[in-house]
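Written below as structure tokens is the structure these notes are about.
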Amino acid sequence: MAKFFVFLGLFLANFWSFSSAFTPLKVGFYQKTCPSAESIVKTTLDQAYTQDSGIAAALIRLHFHDCFVRGCDASVLLDSTPGNKAEKDSMGNKGVQGFDVIDEARDRIEAQCPNTVSCADIIAFAARDSVFKAGGLYYPVPAGRRDGTFSSSDDVAKNLPGAFFNVTQLHENFARKGLSLEEMVTLSGAHSIGDSHCSSFARRLYSFNSTYSQDPSLDPTYAKYLKGLCPRATSTSTNPSPDPVVPFDPTTPVKIDNKYYKNLKNNKGLLVSDQVLWNTPLTRSLVKKNSNHPNYWTTKFAAAMVHMGSIEVLTGNQGEIRRNCRLVN
Ligand code: HEM
Ligand SMILES: *[C@@H]1O[C@H](CO)[C@@H](O)[C@H](O)[C@H]1NC(C)=O
Ligand SMILES: *[C@@H]1O[C@H](CO)[C@@H](O)[C@H](O)[C@H]1NC(C)=O
């Protein structure tokens with residue numbers, strides 16, 4: 001019996017906080033020092049969500065972009081300073097949003113428990129609440145991250161995957177962060193909510209390569225729909241083209257679900273980095289499994305978010321607890 005509980009405990013520990021063996025992050029980290037921290041984040045998100053349900057996608061992406069560049073240290077929140085362009089002002093972070101919601105949660109938490117809760121943990125809590133709000137699984141978030149003190153736009157392109165990456169490149173990019181091929185496929189399912197600017201995939205519609213102007217892996221009806229939303233860019237230096245946004249999943253745009261994988265099977269992936277998951281033999285069976293077993297994917301997604309949230313974290317006396325998430329202390 002005791003053995004069984006040890007086993008169960010190990011199983012849950014592994015499931016809920018994948019890398020808890022390697023990082024000192026803990027579920028309930030603020031239980032004594034700031035018991036309302038997580039509920040303040042939740043309330044703040046709830047309020048923002050009533051104004052704009054797109055905030056859920058924005059905060060999930062914010063957590064991803066934070067963790068892949070210098071680890072989950074809230075470096076993505078720091079503003080540029082004279083002589084130093086920060087991550088948030090790089091091309092790769094174009095369209096990243098959610099800063100105001102984090103600021104709001106930060107202010108409310110500071111009022112209750114000053115100098116206690118890191119901005120990096122606030123992002124992780126907000127991403128978890130966003131997943132749940134969008135219809136995903138509620139998962140406990142191990143916390144205790146500390147905030148970094150440096151942010152450089154130069155780090156972004158070197159660390160974030162590109163929208164035209166193939167499976168080899170995606171695999172390599174995630175492996176450098178300690179994430180597996182399967183986790184890469186699982187986490188890509190975040191693209192079942194939110195939007196993309198036309199500029200992130202327009203090449204697929206108008207200038208794919210020297211043989212095909214339109215990506216032959218795109219469903220023709222879907223391509224036509226996209227062309228309607230994304231007219232060919234005709235920018236000049238004085239008159240830049242508009243760059244509209246389109247939903248990743250037009251059928252359930254604010255619901256985080258395995259519809260993403262079904263779309264891939266129908267050649268309706270929005271980015272090249274989405275569609276290649278189905279078109280490449282190495283990942284095709286994973287797409288199939290996620291598309292056939294929604295609960296299996298939902299569970300794996302929560303676990304992979306926890307794992308992603310542990311990338312290169314600062315803990316203990318490292319870094320600082322930023323008073324204002326946009327500025328180093
Ligand atoms: C696998 C490699 C990935 C690539 C190449 C990629 C690329 C992109 C691109 C190009 C956009 C649209 C940006 C724009 O034009 O506005 C986007 C949006 C988004 N990405 Fe990813 N992404 C990847 C993985 C992830 C992961 C791991 C997550 C989170 C777990 C994520 C969450 C999101 C979300 C939620 C949006 C929509 C944001 C919004 O509506 O505000 N992505 N991604
Ligand atoms: C991806 O691209 C790289 C570099 O262009 C190439 O070496 C690799 O074979 C490609 N992988 C796949 C699966 O197409
Ligand atoms: C253009 O793309 C197609 C489909 O991905 C590919 O088979 C073909 O080799 C590419 N052609 C060139 C010239 O790159």
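What you see is a predicted model; the values in this text were computed from it and never measured. Whatever order the structure lists ligands and atoms in, that order sets their numbers, starting from 1.
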Any donor-acceptor pair under 3.5 Å linking the side-chain atoms of N258 with those of S291? no

Is any NZ, NE, NH1 or NH2 atom of the basic residue among E183 and K300 found under 4.0 Å from an Asp or Glu carboxylate oxygen of the other?
no

Candidates S188, G189, S200; heavy atom nearest atom 1 (C) of ligand 1 found on S188

inquiry  = Under 4.0 Å from atom 7 (O) of ligand 3, is there at least one protein heavy atom?
reply    = no

_When you compare ligand 1 with H197, is there at least one nitrogen or oxygen pair between them that comes in under 3.5 angstrom?_
yes

Among non-hydrogen protein atoms, atom 1 (C) of ligand 3 lies closest to N209 ND2, 1.4 Å

Next on the checklist: Looking at R70 and E87, is there a salt bridge between them, counting it only when a charged N and a carboxylate O are closer than 4.0 Å?
Outcome noted: no

A student comparing S196, P161, A56 should find that the heavy atom closest to atom 4 (C) of ligand 1 comes from P161

Looking only at side-chain N and O atoms, does S36 offer a donor or acceptor that is under 3.5 Å from a partner on Q112? yes

Next on the checklist: Closer than 4.0 angstrom, basic N to acidic O: yes or no for D100 and R326?
Outcome noted: yes

Closest to atom 13 (C) of ligand 2 by heavy-atom distance, out of T168, V167, V276, L170, is T168

Exercise. Counting only non-hydrogen atoms of the protein, does one fall under 4.0 Å from atom 11 (N) of ligand 2?
Worked result: yes

Judged by non-hydrogen atoms, does Q97 sit under 4.0 Å from ligand 1?
no

*asked:* Is there a polar contact, in the sense of an N or O pair closer than 3.5 Å, between S273 and ligand 1?
replied: no

Ligand 1 N/O within reach of D195 N/O, cut-off under 3.5 Å:
yes

Any heavy atom of P216 under 4.0 Å from ligand 3? The part involved is side chain

OG (S118) and CZ (F125) are apart, to the nearest 0.5 Å, by 7.5 Å

Near G162 (heavy-atom distance under 4.0 Å), the atoms of ligand 1 are 5 (C)

Practice problem: Look at K88 together with D79 and state whether they make a salt bridge at an N to O cut-off of under 4.0 Å. | Solution: yes

Contact region, L170 to ligand 1, non-hydrogen atoms below 4.0 Å, reads side chain

Worksheet item: Just distances here: any N/O of N166 and N/O of ligand 2 closer than 3.5 Å?
Response: yes

_Parallel, tilted or perpendicular, judged at 30° and 60°: which one describes the rings of F301 and W297?_
tilted

Q.
Please check whether T280 reaches ligand 2 - meaning an N/O of the residue sits under 3.5 Å from an N/O of the ligand, judged on distance alone.
A. no

of all protein heavy atoms, closest to atom 5 (O) of ligand 3 is F208 CE2, 3.8 Å

Short version for L271: what comes under 4.0 Å of ligand 1, heavy atoms counted, is side chain

Between the CZ atom in F164 and the OG atom in S200, the distance rounded to the nearest 0.5 Å is 8.0 Å

Filtering H65, H63, R61 for the heavy atom nearest atom 34 (C) of ligand 1 leaves R61

If we number the atoms of ligand 3 from 1 as shown, the ones under 4.0 Å from a heavy atom of T211 are 11 (N), 12 (C), 13 (C)

Atom 21 (Fe) of ligand 1 -> H191, closest N, O or S atom is NE2

Is the closest heavy-atom distance from G95 to ligand 1 below 4.0 Å?
-> no

key: N or O contact, S210 vs ligand 3, cut-off under 3.5 Å   = no

Requested in this report: Please determine if R61 and D195 form a salt bridge, counting it only when a charged side-chain N lies under 4.0 Å from a carboxylate O.
Outcome: no

Query raised in the report: Can we say D46 and K42 salt-bridge, meaning some charged N sits less than 4.0 Å from an Asp/Glu carboxylate O?
Result: yes

Practice problem: Decide whether the shortest distance between a heavy atom of G54 and an atom of ligand 1 is less than 4.0 Å. | Solution: no

Please confirm whether F174 approaches ligand 1 to less than 4.0 Å, judged on its heavy atoms.
yes

